[in-house]
Amino acid sequence: MTEVLNTGSHDLPITEELAAFMRTGWAGGTARDTAPVTARPIAPWAAKRRAALAQRFPGERLVIPAGRLKVRSNDSDYRFRPHSAYSYLTGASESDDVLVIEPSGQAVLYVRPRAPREEGQEFYRDRRYGEFWAGPRPDLAEAAELYQVECAHIRDLELERPARVLRGVDAAVDARVPRGDGDAELETFLAEMRLVKDEWELGELQSAVDATVRGFEDVVRALPQAFGHARGERYLEGVFGLRARLEGNAVGYDSIVASGAHACVLHWIRNDGTLNRGDLLLLDAGVETDTLYTSDVTRTFPLAGTFGTVQRQAYELVYEAQTAAIATLRPGARFRDFHLAAMRVICDGLRDWGLLKGSTDTLMETGLYRRYTLCSSGHMLGLDVHDCAKSRAEVYLDGVLEEGQVLTVEPGLYFQPDDLTLPEELRGMGIRIEDDLVVTADGATLMSAGLPRHPDEVESWMGALL
């Protein structure tokens, strides 16, 4: 087979003499760490998930790709992250690999192992896959040990026969497998089987939350230095990003570091603003673990260290709304209940302030309050920050909560700077409080309890860190 190399501007011609020289003289044929390869802790959990998937589609062939590298610019790729369903079923993290569950229920992981140094030029010339460019990939034996599943070379993967495919992940796989009617059902089940977290997942999510708490503490400690920068928001983004990279894989999503009126933009990720001591700072950020589980936490705190009178009034309303929402969480409660509980509190407050008129029931029905709240108050959390998004509405958004589900509760108020329905002192203020919770047998546990919620506690927390 002709060797196809991914080369670019750094490539230089190779003489026959150099090619021969490069194939010899390597100790052990690899530069991998000398530590023994051992099974990843996720392996037994992933095996149970594969078995459940095979049981759901007995006698069928299932194809779940990891995904391909994506170009960021010219010949530079984004750092690879596998599709969450693939990660859930394998614990593997290399690009181009494909999990296949055969009609018998047997699982085979087709991988692209590192190229042997005595065979060809990939290991030192291929800028995408070469060991000297991108680092070593496991060989077949190592992959089988790491993931505790049968492994085969990706070149031996046969795709030209009927199968259910997780489509939209790997275009090359999509093109080779005949399209059937069952692909959407596979995608839906792969999302829904992740709605309830197992014990291992809950541990990973708690680790993500704990690291996120430390990242928020880092941000507060860095405030004195950040005030001196024209892009203070970006300074704080970098501080949190350092914690995410030191303790995990990365951030689980682009951090939102929004000071002043920037907090009124729900997904403010430019993070190029200055920090003014009289403003509030909305920080929405989460550490993603090496196993790709993410936290998602938001705190809004006063850059001056203490809330102003109007700031406290608005913050307390959001706090009360979140507290009411959390109180609804229990197995059997409707998923939408916590959002509705939060919005009733918001409606009461906005009406008491004179911003809205009419009964709370009427305001809930007309939705006028949404001018100031904009979005829903939470979502499932796991491998994806908005986890299980391909689930059917009847088992997620319109479903009921189950023990072991992990979700966020994040009501907010967003008073746009140009909103003439608001008194001037409220304009340009955005507040969100977001926590991660796991549904338990009799309620819910606040996983992010390490960060204060009440305004008095927020002020004391900041005072101890600054």
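A quick note: this is a predicted structure, and the numbers were derived from the prediction, not measured.
Between E204 and K197, none of the side-chain N atoms (NZ, or NE/NH1/NH2) sits under 4.0 Å from a carboxylate O, so this pair counts as no salt bridge. Looking at D97 and R137, a side-chain N of the basic residue comes within less than 4.0 Å of a carboxylate O on the acidic one, giving a salt bridge. Taking 4.0 Å as the cut-off between side-chain N and carboxylate O, R371 and D419 count as a salt-bridged pair. Taking a cutoff of 4.0 Å between a charged side-chain nitrogen and a carboxylate oxygen, E247 and R243 qualify as a salt bridge. Look at D77 and R72 and you find no salt bridge, because none of the NZ, NE, NH1 or NH2 atoms lies under 4.0 Å from a carboxylate O. Between D272 and R231 there is no salt bridge, since no side-chain nitrogen of the basic residue lies less than 4.0 Å from a carboxylate oxygen of the acidic one. Salt bridge D398/R336: present, at least one basic N to carboxylate O contact under 4.0 Å. Under the 4.0 Å criterion applied to side-chain N and carboxylate O atoms, D174 and R179 are not assigned as salt-bridge partners.
Between I431 and Y315 the shortest heavy-atom distance is CD1-N, 3.5 Å. Contact between A92 and P82 at its shortest, heavy atoms only, is O-CG, 3.8 Å. Among all heavy-atom pairs drawn from G430 and T300, the shortest one is O-CG2, 3.8 Å. Nearest heavy-atom pair, F338 versus V409, reported as atom, atom and distance to 0.1 Å: CD1-CG2, 4.0 Å. The shortest non-hydrogen separation linking A43 to L146 is CB-O, 4.3 Å. When all heavy atoms of A107 and V149 are compared, the pair lying nearest together is O-CG2, 3.7 Å.
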Show, in sequence, the C-alpha distance, side-chain angles and deciding distance for E192 and R56, and conclude whether the salt bridge (charged side-chain N to carboxylate O under 4.0 Å, His left out) test is met. CA-CA 12 Å; E192 292 177 1; R56 172 61 180 80; over 6 Å; no

Are L317 and W353 close enough, and set up right, to give a side-chain contact (heavy atoms from CB on, under 4.5 Å), and what steps lead you there? CA-CA 11 Å; L317 180 55; W353 295 354; 3.7 Å; yes

Trace of the side-chain hydrogen bond (donor to acceptor under 3.5 Å, both in side chains) decision for R351 with T360: CA-CA 8 Å; R351 187 191 59 199; T360 296; 3.0 Å; yes

Test salt bridge (charged side-chain N to carboxylate O under 4.0 Å, His left out) applied to D75 and R128, step by step: CA-CA 9 Å; D75 57 357; R128 264 192 158 181; over 6 Å; no

Salt bridge (charged side-chain N to carboxylate O under 4.0 Å, His left out) between D96 and R68, worked out: CA-CA 5 Å; D96 297 29; R68 298 274 177 147; 3.6 Å; yes

For salt bridge (charged side-chain N to carboxylate O under 4.0 Å, His left out), just list the numbers for R194 and D387, CA-CA rounded to whole Å, side-chain angles, deciding distance to a tenth of an Å, and then say yes or no. CA-CA 8 Å; R194 289 165 36 210; D387 209 30; 2.4 Å; yes

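At a threshold of 4.5 Å between non-hydrogen side-chain atoms, the residues L53 and L62 count as touching. Two residues are said to be in side-chain contact when any heavy atoms from C-beta on lie closer than 4.5 Å; W461 and V220 meet this criterion. Here the side chains of L283 and I256 are not in contact, with every heavy-atom distance at 4.5 Å or above. When side chains are defined from C-beta on, K357 does not count as touching L363, because their heavy atoms never get closer than 4.5 Å. Under the 4.5 Å side-chain criterion, counting only non-hydrogen atoms from C-beta, S76 is not in contact with V71. With contacts defined as side-chain heavy-atom distances shorter than 4.5 Å, the pair N276/D279 qualifies. Using a 4.5 Å heavy-atom cutoff, the side chains of M343 and L340 are not in contact.
Defined by atom type and a distance below 3.5 Å, a donor-acceptor pair is present between the side-chain atoms of S84 and D384. There is a side-chain donor-acceptor pair under 3.5 Å between Q322 and R453. Between the side chains of S295 and D436, a donor-acceptor pair is found at a separation under 3.5 Å. For the residue pair Y372 and T421, a side-chain donor N or O sits within less than 3.5 Å of a side-chain acceptor on the partner. A side-chain donor-acceptor contact under 3.5 Å links D296 and Y253. Side-chain contact of S377 with E410: a donor-acceptor pair under 3.5 Å is absent, judged by distance alone. Looking at R334 and T328, their side chains never bring a donor and an acceptor atom within 3.5 Å of each other. If you check the side chains of T298 and E434, you find a donor sitting under 3.5 Å from an acceptor.
A salt bridge (Lys or Arg N to Asp or Glu O under 4.0 Å) check over residues 303-328, counting only residues at least two apart or in different chains, returns the pairs R312-E316, R312-D456, R312-E459. Residues in residues 51-99 take part in these ring pair (Phe, Tyr, Trp, His ring centres under 6.0 Å) pairs, two or more places apart or across chains: F57-F189.
Going from atom CZ of F415 over to atom CE of M429 covers 7.5 Å, rounded to the nearest 0.5 Å. Summarising the geometry, atom CD1 belonging to I433 is positioned 7.0 Å from atom CZ belonging to R299; distances are rounded to the nearest 0.5 Å. The line from CD of E201 to CD of E199 is 11.0 Å long, rounded to the nearest 0.5 Å. Going from atom CG of L407 over to atom CG of L381 covers 8.5 Å, rounded to the nearest 0.5 Å. Between the CD atom in Q106 and the CZ atom in R50 there is a gap of 11.0 Å [rounded to 0.5 Å]. Here the CZ atom belonging to R164 is positioned 7.0 Å from the CG atom belonging to L186, to the nearest 0.5 angstrom.
With a 6.0 Å cutoff to the six-membered ring centre and a 45° limit on the axis angle, R112 counts as a cation-pi contact of Y129.
Around the NE2 atom of H267, the shell of radius 6.0 Å holds no more than 12 heavy atoms that belong to other residues, nucleotides or ligands. In the displayed structure, D181 atom CG is contacted under 6.0 Å by at most 12 heavy atoms of other residues, nucleotides or ligands. Around atom CD of E394, more than 12 heavy atoms belonging to other residues, nucleotides or ligands sit under 6.0 Å away.
F240 and F216 have perpendicular rings, their planes meeting at more than 60° on a 0 to 90° scale where under 30° would count as parallel.
Side-chain rings of Y396 and F335 approach one another, their centers coming within less than 6.0 Å.
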Atom pairs and distances, donor-acceptor, side-chain atoms in residues 302-310, under 3.5 Å, two or more places apart:
none

